[in-house]
There are 2 protein chains.
Amino acid sequence: MRHDGRLSRMLHVLLHMEEQQRPMTSEEIAGMLGTNPALVRRTLAGLREGGYVVSERGHGGGWMLGKPLAEMTLRDVYDAVGSPEVFALGLADDQPQCLVEQAVNTALRQSLDEARALLLRRFAEIRVSDLRDDFAARAASLGIMPGMSCADA
Amino acid sequence: MRHDGRLSRMLHVLLHMEEQQRPMTSEEIAGMLGTNPALVRRTLAGLREGGYVVSERGHGGGWMLGKPLAEMTLRDVYDAVGSPEVFALGLADDQPQCLVEQAVNTALRQSLDEARALLLRRFAEIRVSDLRDDFAARAASLGIMPGMSCADA
DNA sequence: ATAATTCGAAACTTCATAAGTTACGAAATA
DNA sequence: TATTTCGTAACTTATGAAGTTTCGAATTAT
Ligand code: FES
Ligand code: FES
């Protein structure tokens, strides 16, 4: 099953966005992510609705942070990209007639709901700025300039 | 993303299998699950390797439990169907050059690993026989004969 | 023996959907 | 007026579970 990488990508983008003191175009971002501008616009549109980024059209336009990274949690970003399905595991039928299958569903739902709740709780505890700090520490310990250029682009 | 219903289906099958005091053919099971015999064989093959079911060919053959439901946990069944990917959420790139993306991956992995560990721990705590008991309780409270026939077939 | 049943397994098609792409209009700046 | 850049719709591709077809092998019934 193809997994959903939107949360991961958007976090990556937000961190790079903070480093830049200028709007980043969808094309730049697409190059960074190894994808294309239309997809970037489509996904960042969700973050814009939440005020996490702002976009400007025309010459000199692009995407910039709409608020400090310290004011966004992973949970916020998760919701901004559409609160995608967490699990690949699922039920065969959500509303089965069969009582046996209902028992199976009840048990699986309970476990899945618990695990999802834990995950989203963790996400809510982590600010995006914490990732930036983690990155800064890695960079420092490797003796790398914090404002590095994009190696993957 | 299309989710993976193998665990759910196999639990359903195991519970029905216990009710029957005879081998169930792949065709019967397929009718029950709303699918087809080849898929049933493919998926049950994993359970057979773990000794959770046994199969016999030829006239009067089919599938039967290989051990009591009290000796199987949801975790056992999960592993028997191939330990499928738990999450639909995933990383954009598992081994990125970019330090920023590495920081993102580290944080996401940590949260996902925690949630997965909790889920599998719960799975390991639940015996398949617990689901049967839950089913029996539902059936009793509805005044339904425990050995009901298949309504979905 | 012969026929019927049933699993075993390979090869293939379908389906769902995230991702990727193309294209063009709207808005902003030069 | 030309250029840049986002906004958005429509379309194609990629991936893997699910579904299907088919035939051989094993087992039992007659
Ligand atoms: S993609 Fe993060 S530095 Fe290039
Ligand atoms: S599928 Fe469970 S009773 Fe028919």
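Below, chains carry the letters A, B, ... as their sequence lines are ordered, and counting in each starts from 1. Here the structure is a predicted model, which means the values were calculated and not measured.
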Inset, instruction - Measure from the side-chain heavy atoms of B/Arg48 and tell me the nearest of D/dT4, D/dT28, C/dA9. - result: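 Nearest listed nucleotide: C/dA9.
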Inset, instruction - Look at the side chain of B/Trp63 and decide which nucleotide, out of C/dC7, D/dC6, D/dA18, has an atom nearest to it. - result: C/dC7
Find the distance [X]:[atom1] to [N]:[atom2] and express it as a whole number of Å.
X: B/Leu47; N: C/dC7; atom1: CG; atom2: P; answer: 14 Å
X: B/Leu39; N: C/dA11; atom1: CG; atom2: C1'; answer: 15 Å
X: A/Glu27; N: C/dG20; atom1: CD; atom2: C1'; answer: 15 Å
X: B/Phe87; N: D/dA17; atom1: CZ; atom2: P; answer: 17 Å
X: B/Asp4; N: D/dG16; atom1: CG; atom2: C1'; answer: 9 Å
X: B/Leu44; N: C/dA9; atom1: CG; atom2: C1'; answer: 15 Å
X: B/Arg22; N: C/dT6; atom1: CZ; atom2: C1'; answer: 14 Å
X: A/Asp93; N: D/dA17; atom1: CG; atom2: P; answer: 20 Å

Inset, instruction - Between A/Asn36 and A/Glu56, name the one whose nearest nucleotide on DNA chain C is closer to the 5' end. - result: A/Asn36
Inset, instruction - Please figure out whether A/Pro37 or A/Gly5 has its closest DNA chain C nucleotide nearer the 5' end. - result: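 Here A/Gly5 is the residue nearer the 5' end.
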For [N], take OP1 and OP2 only and decide whether either is under 4.0 Å from a side-chain N or O of [X].
X: B/Arg41; N: C/dG8; result: no
X: A/Ser26; N: D/dT5; result: no
X: B/Arg57; N: D/dG24; result: no
X: A/Ser55; N: D/dG7; result: yes
X: A/Arg6; N: C/dA19; result: yes
X: A/Arg9; N: C/dA19; result: yes
X: A/Thr35; N: C/dG20; result: yes

Legend entry - More than 12 heavy atoms from other groups under 6.0 Å of CD on B/Glu27: no
Legend entry - Closest non-hydrogen atom pair, A/Pro37 against A/Ala30: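 It is N-CB, 3.4 Å.
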Legend entry - C/dG20 base / A/Arg42 side chain donor-acceptor hit below 3.5 Å: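 In this structure, the two groups form a donor-acceptor pair.
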Inset, instruction - Please name the residue in the list B/Met32, B/His12, B/Arg132 that meets the side-chain contact (heavy atoms from CB on, under 4.5 Å) test with A/Val100. - result: B/His12
Legend entry - Residues B/Arg109 and B/Asp94 bridged, charged N to O under 4.0 Å: yes
Legend entry - Side-chain ion pair, A/Arg9 and B/Glu101, N-O less than 4.0 Å: no
